[in-house]
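In what follows, every heavy atom counts, from backbone to side chain, and hydrogens, waters and symmetry copies are set aside. Keep in mind it's a predicted model, so treat the numbers as computed, not measured.
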Amino acid sequence: MNLAGIRTDTRRTVETIREWSRDENGLEAVEWILVLAGGVVPLATIMFNVMKAVVFYYEVTSWGVSLPFP
């Protein structure tokens, strides 16, 4: 590839990035993705970890209660 071809490719890439930065059609979708990634997913992860801890506590407690000595 010659130097003119590299310049043309670079110019096209810069123009594409400029068009994307000025486009406002997908902003609402990006905001929802950020809300999900920043809020809902971590809260769901915490909730599932708490549920696992409760199940473990129940298992240990039921095992201790079922032991044969008083």
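- Within the model, atoms CZ of R12 and CG of D9 stand 6.0 Å from one another, a figure rounded to the nearest 0.5 Å.
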Please list, one pair per line, the donor and acceptor atoms closer than 3.5 Å that link side chains of residues 55-66 to other protein atoms, with sequence neighbours excluded.
residue, atom, partner, partner atom, Å
T61, OG1, Y57, O, 2.8
S62, OG, Y58, O, 3.1
S62, OG, E59, O, 3.0
S66, OG, S62, O, 3.2
S66, OG, W63, O, 2.9

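- Within a 6.0 Å sphere centred on CD of E15, heavy atoms belonging to other residues, nucleotides or ligands number more than 12.
- The shortest heavy-atom contact between A37 and P42 is O-CD, 3.5 Å.
- One finds the CG atom of L36 at 11.0 Å from the CG atom of L43 (value rounded to the nearest 0.5 Å).
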